[in-house]
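Take a look at the structure below.
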Amino acid sequence: MQLSTLRKLIFDKNIFAFLRLGKQVDTVYRTSFVTAANSSGLLNSLSQAEQSLDQLQQQLTIEDNKRDALEAWLECGVRLGELGFSAGRYRLKGKLSRHLAKQENQIAAAMFEEAIRYHYDALLSAPTRMKQNNAYQLSDQDGKVIAQSSQILEPFVEEAIEWGLKKQPQPKAILEVGCGAGKYLVYLSKRLNSCDITAIDYQADVVAHANQTLIKHGIKSVDLRHKSFFDLQGESQYDLITLHNNIYYFTESQRQAVLAKALSLLKPGGQLLMTTSCQGGSSAITALNLWFSLSDIGGALPDVEQLKRSLTRTGFSQVNSKRLMPGESYFAFLAQK
Ligand SMILES: C[S@@+](CC[C@H](N)C(=O)[O-])C[C@H]1O[C@@H](n2cnc3c(N)ncnc32)[C@H](O)[C@@H]1O
């Protein structure tokens, strides 16, 4: 390089400002590559054995006319140090990809994918999405990734269930709203001997998933229905109604109606138990709040005190909240009819 070129770069183009960003840019490239490598199955494949381009093309079901693009993508992984390449074969090399490829790290990998695929996208596109009124839809989320990442919440939700059962140790009839993959139906079925459990979810594929979960655990007693909560008919018949991680799937204007519906379906003395991320959490929860605020599905995460006031206003008594995660804005709410 000529001295004049260097002088121009330094004095006219302020090259040092760009060089200072190098590390950050590298992190963006690395996280993007490894996330896609994980969700496409590349990490899993390379964790079993080294693979040639031909083998990867076949395994990832890439058409011949996209073979060059596949090679270019893998080359990015090699350049970033996440993949190794020698004697015509690719292998896992980088710390991040080896970490996420481990079977025992699958929940962490799904949480990482949720952060990159959804939270990062929300942060990146929020101003344009707001201007163009381009709201996220339910189909913008991969239910499998969300189901897998939310497994980290299981111990906390189970603690909340125990909190509810302390007040009412032998509920005879339970309704679970938005049952998702059905893991808490398994917990309740195993935990309670004789109890009628009804579960609903308004997504057909999610109900099918919950059904598979129940079959896998040999549970036949749950009355599982593909239904929206608002379409559920019936009288006051439940001792316990649970809503885990789904109050923000309802718009803020719908939430009062959700609470009123729950109240109407509970027997006198019955309990409503909700678990949810709330306003004021870590950057992950704040980004989740952004995603839902930008969506057409539901709305912002609830505010703890506001939700308690709504419960009281609806007619619930003994309204209590409990922080489930130390230092994080993840709460349980218990209220009585
Ligand atoms: C984040 S998932 C939580 C699933 C499960 N409760 C858990 O904690 O793992 C929220 C679920 O609520 C369901 N849901 C949202 N609105 C609903 C409604 N109006 N009626 C029934 N289910 C609903 C969604 O389909 C989704 O499965």
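When a ligand or atom number is given, it counts from 1 through the structure's own listing order. For reference, positions follow the sequence shown, starting with 1.
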So that I can tick it off, tell me whether Arg191 and Glu162 are bridged by a salt bridge, with the cut-off set at under 4.0 angstrom between side-chain N and carboxylate O. yes
Quick one: side chains of residues 101-114, donor-acceptor pairs under 3.5 Å with protein atoms, not counting sequence neighbours, listed by atom name and distance.
unit_1: Asn105; atom_1: ND2; unit_2: His99; atom_2: O; d: 2.9
unit_1: Asn105; atom_1: ND2; unit_2: His99; atom_2: ND1; d: 3.3
unit_1: Gln106; atom_1: NE2; unit_2: Leu100; atom_2: O; d: 3.2
unit_1: Gln106; atom_1: NE2; unit_2: Lys102; atom_2: O; d: 2.9
unit_1: Glu113; atom_1: OE2; unit_2: Arg117; atom_2: NE; d: 2.9
unit_1: Glu114; atom_1: OE1; unit_2: Ser149; atom_2: OG; d: 2.6

Check each N or O atom of ligand 1 against all protein N or O atoms and list the pairs under 3.5 Å, with atom names and distances to 0.1 Å, one per line.
unit_1: ligand 1; atom_1: 6 (N); unit_2: Gly178; atom_2: O; d: 2.7
unit_1: ligand 1; atom_1: 6 (N); unit_2: His244; atom_2: O; d: 2.8
unit_1: ligand 1; atom_1: 8 (O); unit_2: His244; atom_2: O; d: 3.4
unit_1: ligand 1; atom_1: 8 (O); unit_2: Asn245; atom_2: ND2; d: 2.7
unit_1: ligand 1; atom_1: 9 (O); unit_2: Lys183; atom_2: NZ; d: 3.4
unit_1: ligand 1; atom_1: 12 (O); unit_2: Asn246; atom_2: ND2; d: 3.4
unit_1: ligand 1; atom_1: 19 (N); unit_2: Ser228; atom_2: OG; d: 3.3
unit_1: ligand 1; atom_1: 20 (N); unit_2: Phe229; atom_2: N; d: 3.0
unit_1: ligand 1; atom_1: 22 (N); unit_2: Tyr202; atom_2: N; d: 3.3
unit_1: ligand 1; atom_1: 25 (O); unit_2: Asp201; atom_2: OD1; d: 2.5
unit_1: ligand 1; atom_1: 25 (O); unit_2: Gln203; atom_2: NE2; d: 2.8
unit_1: ligand 1; atom_1: 27 (O); unit_2: Asp201; atom_2: OD1; d: 3.3
unit_1: ligand 1; atom_1: 27 (O); unit_2: Asp201; atom_2: OD2; d: 2.7

Nearest heavy-atom contact between Leu56 and Leu46 is CD2-CD2, 4.2 Å
Can you list the steps and then say if Ile197 with Ser189 is a side-chain contact (heavy atoms from CB on, under 4.5 Å)? CA-CA 8 Å; Ile197 302 174; Ser189 302; 3.7 Å; yes
Distance-only criterion, 3.5 Å: show the donor-acceptor pairs between side-chain atoms of residues 298-306 and protein atoms not counting sequence neighbours.
unit_1: Asp303; atom_1: OD2; unit_2: Glu305; atom_2: N; d: 3.3
unit_1: Asp303; atom_1: OD2; unit_2: Gln306; atom_2: N; d: 3.0

Which pairs count as side chain to side chain donor-acceptor pair (under 3.5 Å) when at least one residue sits in residues 170-179, sequence neighbours excluded? Glu176-Thr242
